[in-house]
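Counting from 1, the numbers follow the sequence of the chain as shown.
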Amino acid sequence: MAGGGVDPTEPVDIRYDNARARLEVDWADGVTTAYRYEFLRWKCPCAECAGEMGHPGRLQFVQSLAPDQYRLTSIEGVGLYAVRPTWGDGHDTGLYSLRRLRAMGTEAADDEAAALGLDGPRGRP
Ligand SMILES: [Zn+2]
């Protein structure tokens with residue numbers, strides 16, 4: 001266990017690998033988590049995708065994403081707490097908090113394992 005006040009949700013390094021279409025984060029406690037772009041896009045937390053105040057978001061009405069929707073064109077840090085990806089369709093309103101990314105690490109690993117050996121989009125995680 002990490003002691004001495006290390007915040008495990010503090011990222012040490014954030015890399016994106018367009019060849020493998022995955023985002024990788026090294027955390028202060030030595031853990032590395034990885035997220036397929038398609039997985040990340042399904043998890044877009046913005047109001048348009050995920051809904052808000054009891055209203056469903058538009059991702060709840062689709063079964064698959066177009067390739068442009070999960071092609072990462074850039075990603076920027078937002079303060080010290082979040083990252084904001086820009087996707088191939090121009091969508092850039094999703095702020096992914098680092099705390100949430102860390103919490104999604106296990107689910108992302110399961111998703112990647114399930115996607116191994118499959119070609120193309122897998123659909124909703
Ligand atoms: Zn969104």
Side-chain angles (χ1 to χ4, degrees):
M1 297 303 290
V6 172
D7 179 357
T9 65
E10 183 178 318
V12 178
D13 190 29
I14 299 177
R15 299 177 298 275
Y16 59 100
D17 181 344
N18 284 337
R20 297 169 71 191
R22 71 209 287 264
L23 180 77
E24 296 177 353
V25 183
D26 291 336
W27 302 95
D29 60 357
V31 170
T32 297
T33 53
Y35 313 83
R36 294 187 316 121
Y37 291 169
E38 187 185 359
F39 172 87
L40 273 185
R41 182 58 201 267
W42 277 115
K43 297 294 183 187
C44 184
C46 83
E48 182 184 345
C49 294
E52 62 179 344
M53 311 278 280
H55 297 286
R58 67 181 170 133
L59 289 187
Q60 285 164 258
F61 297 106
V62 298
Q63 294 303 318
S64 62
L65 298 172
D68 265 359
Q69 290 183 288
Y70 56 91
R71 180 169 52 78
L72 187 70
T73 58
S74 67
I75 189 165
E76 65 181 35
V78 179
L80 294 174
Y81 72 95
V83 293
R84 186 172 73 144
T86 299
W87 302 101
D89 63 347
H91 190 67
D92 67 353
T93 48
L95 293 184
Y96 294 71
S97 78
L98 294 164
R99 189 169 293 277
R100 184 160 179 270
L101 279 179
R102 178 62 190 254
M104 291 194 305
T106 303
E107 191 183 352
D110 289 347
D111 165 75
E112 187 162 39
L116 277 179
L118 295 180
D119 288 328
R122 201 168 68 82
R124 186 186 297 280

For this session: For E52, enumerate each residue passing the salt bridge (charged side-chain N to carboxylate O under 4.0 Å, His left out) test, keeping only those at least two apart in sequence or located in another chain.
Result: none

Problem set entry | Flag side-chain contact, heavy atom, 4.5 Å: W27 against L101 | yes

Exercise. Which distance, rounded to the nearest 0.5 Å, do you find between the CG of L59 and the CG of L65?
Worked result: 6.5 Å

For this session: Provide the closest heavy-atom pair for V25 versus P11 in the form atom of the first, atom of the second, distance.
Result: CG1-CB, 3.9 Å

For residues 71-83, run the donor-acceptor check on the side chains, cut-off 3.5 Å, and write out each pair with its distance to 0.1 Å, sequence neighbours left out.
from: R71; atom 1: NE; to: D68; atom 2: OD1; distance (Å): 3.3
from: R71; atom 1: NH2; to: D68; atom 2: OD1; distance (Å): 3.0
from: T73; atom 1: OG1; to: T86; atom 2: O; distance (Å): 2.9
from: E76; atom 1: OE2; to: R84; atom 2: NE; distance (Å): 3.3
from: E76; atom 1: OE2; to: R84; atom 2: NH2; distance (Å): 3.0

For this session: Could you list the residues that satisfy side-chain contact (heavy atoms from CB on, under 4.5 Å) with A108, not counting sequence neighbours?
Result: Y35, F39

Exercise. Counting only N and O atoms by type, is there a donor-acceptor contact under 3.5 Å from the side chain of E112 to the main-chain atoms of A109?
Worked result: no

Seminar exercise, completed: The salt bridge (charged side-chain N to carboxylate O under 4.0 Å, His left out) partners of R20 (sequence neighbours excluded) come to none

Exercise. What salt bridge (charged side-chain N to carboxylate O under 4.0 Å, His left out) pairs are there with at least one residue in residues 97-106, not counting sequence neighbours?
Worked result: D29-R102

Problem set entry | Which residues share a side-chain hydrogen bond (donor to acceptor under 3.5 Å, both in side chains) with D17, sequence neighbours left out | none

Exercise. With side chains defined as the heavy atoms from C-beta onward, is the minimum distance between Y96 and C44 less than 4.5 Å?
Worked result: yes

For this session: Could you tell me whether a side-chain N or O of Q69 sits under 3.5 Å from a main-chain N or O of A66, the two making a donor and an acceptor?
Result: yes

Seminar exercise, completed: NE2 (H91) and CD (E48) are apart, to the nearest 0.5 Å, by 5.0 Å

For this session: Using a 4.5 Å cut-off on heavy atoms from C-beta on, say whether the side chain of R15 contacts that of D26.
Result: yes

For this session: Check whether any side-chain heavy atom of L40 sits under 4.5 Å from a side-chain heavy atom of M104, and report yes or no.
Result: yes

Exercise. Is V12 linked to L23 within one hydrophobic cluster, defined over Ile, Leu, Val, Met, Phe, Trp and Tyr using a side-chain heavy-atom separation of less than 4.5 Å?
Worked result: no

For this session: Take R41 and D89 through the test salt bridge (charged side-chain N to carboxylate O under 4.0 Å, His left out) and record every step on the way to the result.
Result: CA-CA 11 Å; R41 182 58 201 267; D89 63 347; 3.2 Å; yes

Exercise. For the atom pair CG (D111) and CZ (R36), what is the distance rounded to the nearest 0.5 Å?
Worked result: 4.0 Å

Seminar exercise, completed: V62 and W42 have their tightest heavy-atom pair at O-CH2, 3.6 Å

